Amino acid sequence: MLRGERQEMPDLSASCLIPSLNPKTVRAWRAFDPLGGERSICRGRNQAMPQPEKPALNVPTPDETRLVTLDIDGPVATIVLNRPEKRNALSLSVIERLRACFAELPASVRVAIVAGAGPHFSAGLDLSELSDADTADGLQHSFAWYEVFSKIQFGRVPVIGVLQGAVVGGGLELASCLHVRIAEESAYFALPEGQRGIFVGGGGSVRLPRLIGVARMMDMMLTGRVYSATEGSSYGFAQYLVEAGASMTKAMELAGKIASNAPLTNFAVLQALPMIAEANPQTGLLMESLMATVAQSDQEAKRRIRAFLDHKTAKVKPT
Ligand code: 1HE
């Protein structure tokens, strides 16, 4: 399914799924699209695109760059949603900056941390962008999110989420595409789409049921139920629960461990494990055996196993 999820996403570059878009959408999508929008926006199969009202290159303004910051320290990249005055609401510009930060990661980076500035991880979709959006805008919006979240989920580097305060709506959808989630005591999880009259549109209905189950997600969306960090972490919203202010230290500790893994193991975990989990058992077992054989044939595996057998490396210790 996770493979299917990628496959099922219509390729907007190949077909003109949306017959007409209002000028606001065209501008927003052009601003989002790193190729300038021509590959993604069609007004009809044989109609020429309206000429862009934008500079030739999509160079972000300093203000846009500030929306999501990227800091690299050795093998660890820290990417921070930096819009605390709007509770890190995810505007299209934030989504685009998030995409750019991941796209910019040099090969030396082996693990990333995604956090939110201020007391909240993210208040979800920037609702101000929806106020005069039409149907086509809504679709474009979702596809922009899908592209970025899929790239994060199926990207090269494992990503750790640091969650505090509101992790709601699209913020929870973003958190659910990360690989390891750490919740501080202040974190709370909710899907207020029901109250707002909308629906999840950032891949939440695909990813969240795999973390927390369909019944729990239905309840959240129907009743507006909010889960605390303690409850939430026991139900799969996060794998770690830490006290106030401790999440970044924990994230760095975990990042160090992840970065020290053999690269092929991390590759297998990110790329093969989700596919195997969704495959029928026979296909899954075959895929697993192939991946295991590839990993253990690598010199890095041979070196690590030799080190263990020679008592030169750490044993597994009880916690
Ligand atoms: C926003 C947003 C936002 C805050 N879009 N501007 N998400 C929601 O329904 C959650 C809406 N937000 C909240 O419930 C609260 O803001 C919080 C509980 C997260 C934080 O409360 P608080 O008291 O700390 O902050 P605040 O005073 O409510 O908000 C501060 C400012 O951020 C304020 O703007 P200001 O100009 O009046 O100062 C808010 O309007 C603004 N703000 N949240 C836009 N979400 C792909 S589909 C996904 C669908 C969804 O994500 S639905 C869930 C949307």
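A quick note: this is a predicted structure, and the numbers were derived from the prediction, not measured. Ligands are counted one by one from 1 in listed order, and the atoms in each one are counted from 1 as well.
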Q) Do Leu67 and Leu98 have side chains that get closer than 4.5 Å, going by heavy atoms? A) no

Q: Could you list the atoms of ligand 1 found under 4.0 angstrom from a heavy atom of Gly170?
A: 48 (C), 50 (C), 51 (O)

(Q) Under 3.5 Å between any N/O of Leu127 and any N/O of ligand 1: does that happen in this structure? (A) yes

Q. Is any heavy atom of the protein nearer than 4.0 Å to atom 7 (N) of ligand 1?
A. yes

Q: State whether the shortest distance between N or O atoms of Lys86 and N or O atoms of ligand 1 falls below 3.5 angstrom.
A: yes

Q.
Is it the case that the side chain of Asn266 and the backbone of Pro158 share a donor-acceptor pair, with hydrogens and angles ignored and the cut-off at 3.5 Å?
A. no

(Q) Within the 4.0 Å heavy-atom shell around Trp145, which atoms of ligand 1 are there? (A) 46 (C)

Q | Sub-4.0 Å atoms of ligand 1 with respect to non-hydrogen atoms of Ile198 | A | 49 (C), 52 (S)

Q: Decide whether the shortest distance between a heavy atom of His141 and an atom of ligand 1 is less than 4.0 Å.
A: no

Q) Can you find a protein heavy atom under 4.0 Å from atom 13 (C) of ligand 1? A) no

Q.
Just verifying a value: how many Å separate Arg181 CZ and Leu241 CG, rounded to the nearest 0.5 Å?
A. 13.5 Å

Q: Take Met291 and Gln271 through the side-chain contact (heavy atoms from CB on, under 4.5 Å) test and state the conclusion after the steps.
A: CA-CA 10 Å; Met291 193 63 246; Gln271 307 300 328; over 6 Å; no

Q: Using a strict 4.0 Å threshold on nitrogen-to-oxygen distance, state whether Arg99 and Glu96 make a salt bridge.
A: yes

Q: Specify whether the nearest protein heavy atom to atom 36 (O) of ligand 1 is under 4.0 angstrom away.
A: yes

Q | Arg196, any N or O under 3.5 Å of ligand 1 N or O | A | yes

Q: Looking only at protein heavy atoms, identify the closest one to atom 49 (C) of ligand 1 and say how far it is in Å.
A: Glu193 OE2, 3.2 Å

Q) How far is atom 43 (N) of ligand 1 from its nearest protein heavy atom, and which residue and atom is that? A) Ala123 CB, 3.4 Å

Q | Identity and distance of the protein heavy atom lying nearest atom 18 (C) of ligand 1 | A | Tyr188 OH, 3.4 Å

Q: Name the option, out of Glu129, Gln195, Arg87, that contains the heavy atom nearest to atom 30 (C) of ligand 1.
A: Arg87

(Q) I'd like to check which ligand 1 atoms, numbered from 1 as shown, lie under 4.0 Å from a non-hydrogen atom of Glu173. (A) 46 (C), 47 (S), 48 (C)

Q. Do any nitrogen or oxygen atoms of Ala166 come within less than 3.5 Å of a nitrogen or oxygen of ligand 1?
A. no

Q. Closer than 4.0 angstrom: is that true for some heavy atom of Tyr146 and an atom of ligand 1?
A. no

Q: Around atom 3 (C) of ligand 1, find the nearest protein heavy atom and jot down its residue, atom name and distance.
A: Leu125 O, 3.5 Å

Q: Please check if a non-hydrogen protein atom sits closer than 4.0 Å to atom 20 (C) of ligand 1.
A: yes

Q. So, does Arg87 use its side chain to make a donor-acceptor pair with the main chain of Pro84 at under 3.5 Å?
A. yes

Q. When you measure from the side chain of Glu300 to the backbone N and O of Leu264, does any donor-acceptor pair fall under 3.5 Å?
A. no

Q | Residue that, paired with Phe237, satisfies side chain to side chain contact (heavy atoms under 4.5 Å, CB included) out of Leu163, Leu172, Val167 | A | Leu172

Q | For His120, atoms of ligand 1 separated by under 4.0 Å from a heavy atom | A | 20 (C), 24 (O)

Q | Euclidean distance, Tyr146 OH relative to Leu139 CG, rounded to 0.5 Å | A | 8.5 Å

Q | Atom indices of ligand 1, in the order listed, that fall short of 4.0 Å to a heavy atom of Gly124 | A | 51 (O)

Q | For atom 46 (C) of ligand 1, the option (of Ser142, Gly201, Pro192, Ser122) bearing the nearest heavy atom | A | Gly201

**Q.** atom 52 (S) of ligand 1: any protein heavy atom closer than 4.0 Å
**A.** yes

Q: Quickly, which of Tyr235, Tyr188, Phe189 forms a ring-ring contact (aromatic ring centres under 6.0 Å, His included) with Tyr227? Name it, please.
A: Tyr235

**Q.** Part of Leu191 with heavy atoms under 4.0 Å of ligand 1, whether side chain, backbone, both or neither
**A.** neither

Q.
Could you identify the single nearest non-hydrogen protein atom to atom 31 (C) of ligand 1 and state the distance to 0.1 Å?
A. Glu85 O, 3.3 Å

